[in-house]
Amino acid sequence: MPTEEPQRVNLAAMPTPLIRLDRLAEELGGAEIWLKRDDLTGLELSGNKVRKLEYVAADALNNGCDTIVTEGTCQSNHCRATAAVCAKLGLQAVLLIRPEPPNEVQGNHLLDMLFGARLRCYPRDSFEADREGIVRSVLDDLQAEGLKPRWTPMGASEPLGCWGYIRAAGELSEQLVERGLQNSDVILPVSSGGTYAGMLLGTLLKQTEGLSLWAVPVSDDVAWHTSEVGRLCRETIGQYGLPVEFEDSAMRFIDGYVGEGYGIPYAAAIDAIRLLARTEGIVLDPVYTAKAFCGMLDGVLAGRLGRERPVVFVHTGGVFSDFAWPEKIVGVRE
Ligand SMILES: *Cc1c(COP(=O)(O)O)cnc(C)c1O
């Protein structure tokens with residue numbers, strides 16, 4: 001029985017471009033480097049979360065929900081994308097934000113407000129200590145108000161959300177085949193796991209044998225990602241009856257790029273933002289793509305990536321966070 005793709009709402013500008021980074025490659029002493037521009041899925045609706053939210057939003061609408069509730073930091077790309085999706089579809093977004101945002105409203109937080117999202121803010125410790133209880137009581141409160149909420153977890157990393165990258169993997173593999181790049185290394189950041197899980201499942205479904213997918217953790221450790229991405233893959237296979245065999249050995253991580261922690265930029269990541277901006281006129285973000293890009297750059301410089309076969313970096317978006325920390329991006333290292 002062929003697997004049926006769940007319904008989705010058309011929100012992302014797809015297919016996103018796949019471009020070659022020749023000026024960067026020259027700067028690095030020669031390599032073949034490509035960029036999959038998933039930062040261009042839209043403007044307000046930019047980045048990887050839109051692909052996942054196409055499915056989550058369709059599910060909300062099909063079930064008569066009028067509200068989407070989710071969680072993240074005040075600079076969360078996922079919260080901003082959810083707020084934009086809700087504005088576009090006439091739904092209410094309710095964002096559970098932790099820790100409490102700073103007084104100055106910037107970047108994604110500013111957009112959340114413009115899109116009319118309702119924010120509920122919590123200290124980090126108390127949120128982590130009782131996450132499930134808080135989510136349940138928010139959903140109860142909204143129901144008591146007469147709303148019909150649908151919950152989606154951090155990053156929309158639930159089995160349904162993984163479909164965004166099952167689809168993206170098909171899109172990317174077609175672009176790679178068209179250009180004769182079917183044997184290549186594909187690098188992407190991983191945090192809540194849905195993007196990588198979807199890509200892994202999508203390439204298994206497409207049987208893209210020459211592609212190796214590498215994830216660079218930008219939060220947590222490899223053991224956590226192995227269990228989380230593995231769980232998402234298995235649950236998605238189970239829920240949708242995907243005709244693939246998934247084994248933990250399919251997951252490959254490039255470790256060592258988290259730095260001090262999630263959302264804490266370091267000098268090499270800022271340098272990576274500047275390097276790509278200066279050579280190609282393309283902007284990475286400090287939380288996800290800059291750190292993952294460092295993992296790719298080190299591989300290219302060491303000759304492990306982009307030499308014998310092309311390397312493809314998936315730019316998952318996040319540009320608005322650059323505007324939340326201007327002093328970190330341009331100020332601190334002159
Ligand atoms: C959320 C996000 C990621 C990580 O994707 P996950 O599916 O959470 O692993 C990567 N890049 C950007 C810009 C993001 O916003």
Side-chain angles (χ1 to χ4, degrees), residues 12 16 35-42 45-53 70-82 106-109 111 153-157 161-162 164-165 168 172 186-200 213-222 224-225 228-229 232 252-277 280 282-299 311-325 328-329:
T16 57
L35 192 68
K36 173 66 171 161
R37 295 210 61 183
D38 266 17
D39 56 322
L40 299 183
T41 46
L45 284 165
S46 60
N48 61 344
K49 301 308 179 316
V50 186
R51 289 187 184 266
K52 305 176 181 190
L53 288 167
T70 195
E71 61 170 315
T73 66
C74 77
Q75 287 307 329
S76 160
N77 298 310
H78 164 64
C79 285
R80 178 258 308 151
T82 304
Q106 288 170 322
N108 286 308
H109 185 199
L111 294 175
M154 192 154 41
S157 286
C162 289
Y165 274 84
L172 176 60
V186 175
I187 317 277
L188 69 158
V190 59
S191 176
S192 69
T195 303
Y196 190 37
M199 285 286 274
L200 287 165
L213 294 179
W214 302 87
V216 185
V218 300
S219 66
D220 307 286
D221 58 23
V222 167
W224 187 86
H225 288 296
E228 196 56 20
V229 174
L232 275 169
R252 301 165 191 226
F253 295 97
I254 300 178
D255 196 17
Y257 294 91
V258 178
E260 276 176 53
Y262 172 77
I264 306 174
Y266 46 80
I270 304 298
D271 287 344
I273 295 178
R274 292 175 175 177
L275 175 65
L276 190 66
E280 301 280 353
I282 296 172
V283 186
L284 297 168
D285 84 290
V287 179
Y288 300 94
T289 52
K291 291 183 178 179
F293 209 77
C294 284
M296 183 190 71
L297 287 176
D298 285 348
V311 62
V312 180
F313 186 83
V314 183
H315 188 337
T316 44
V319 66
F320 298 117
S321 324
D322 287 324
F323 302 98
W325 294 295
K328 291 204 171 113
I329 308 295

Within 45 degrees of the ring normal and closer than 6.0 Å to the centroid, is that where the cationic atom of Lys328 sits relative to Phe323?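 Lys328 over Phe323 ring: no.
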May I ask you to establish whether Arg51 and Tyr165 are in a cation-pi arrangement, using a distance under 6.0 Å from NZ or CZ to the six-membered ring centre and at most 45° from the ring axis? yes
Step-by-step side chain to side chain contact (heavy atoms under 4.5 Å, CB included) determination, Phe293 to Leu276: CA-CA 9 Å; Phe293 209 77; Leu276 190 66; 3.9 Å; yes
Say whether, by atom type as modelled, one donor and one acceptor occur between the side chain of [X] and the main chain of [Y] under 3.5 angstrom.
X      : Y      : answer
Gln75  : Gln106 : yes
Thr73  : Ser76  : yes
Asp285 : Thr289 : yes
Tyr196 : Leu213 : yes
His315 : Leu40  : no

Mind checking the [atom1]-[atom2] spacing from [X] to [Y]? Nearest 0.5 Å is all I need.
X      : Y      : atom1 : atom2 : answer
Ile270 : Leu275 : CD1   : CG    : 13.0 Å
Phe313 : Asp38  : CZ    : CG    : 11.0 Å
Tyr266 : Glu260 : OH    : CD    : 11.0 Å

Where is the tightest heavy-atom contact between [X] and [Y], given as atom of each residue plus distance?
X      : Y      : result
Ala292 : Val218 : N-CG1, 4.3 Å
Glu71  : Met154 : OE2-N, 3.4 Å
Lys291 : Gly263 : NZ-N, 4.1 Å

With Met296, the side-chain contact (heavy atoms from CB on, under 4.5 Å) member among Val311, Leu188, Val216: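 Of the listed options, the one satisfying the test is Val311.
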Test side-chain contact (heavy atoms from CB on, under 4.5 Å), reference Leu53, set Asn48, Thr82, Leu45, output is Thr82
Answer with yes or no whether the side chains of Tyr257 and Asp298 bring together a donor and an acceptor at under 3.5 Å. yes
In terms of side-chain heavy atoms, does Lys52 have a donor or acceptor partner in Ser157 at a distance below 3.5 Å?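 There is such a pair between these side chains.
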Residue pair Ile187, Ile254: steps toward the side chain to side chain contact (heavy atoms under 4.5 Å, CB included) verdict: CA-CA 9 Å; Ile187 317 277; Ile254 300 178; 3.9 Å; yes
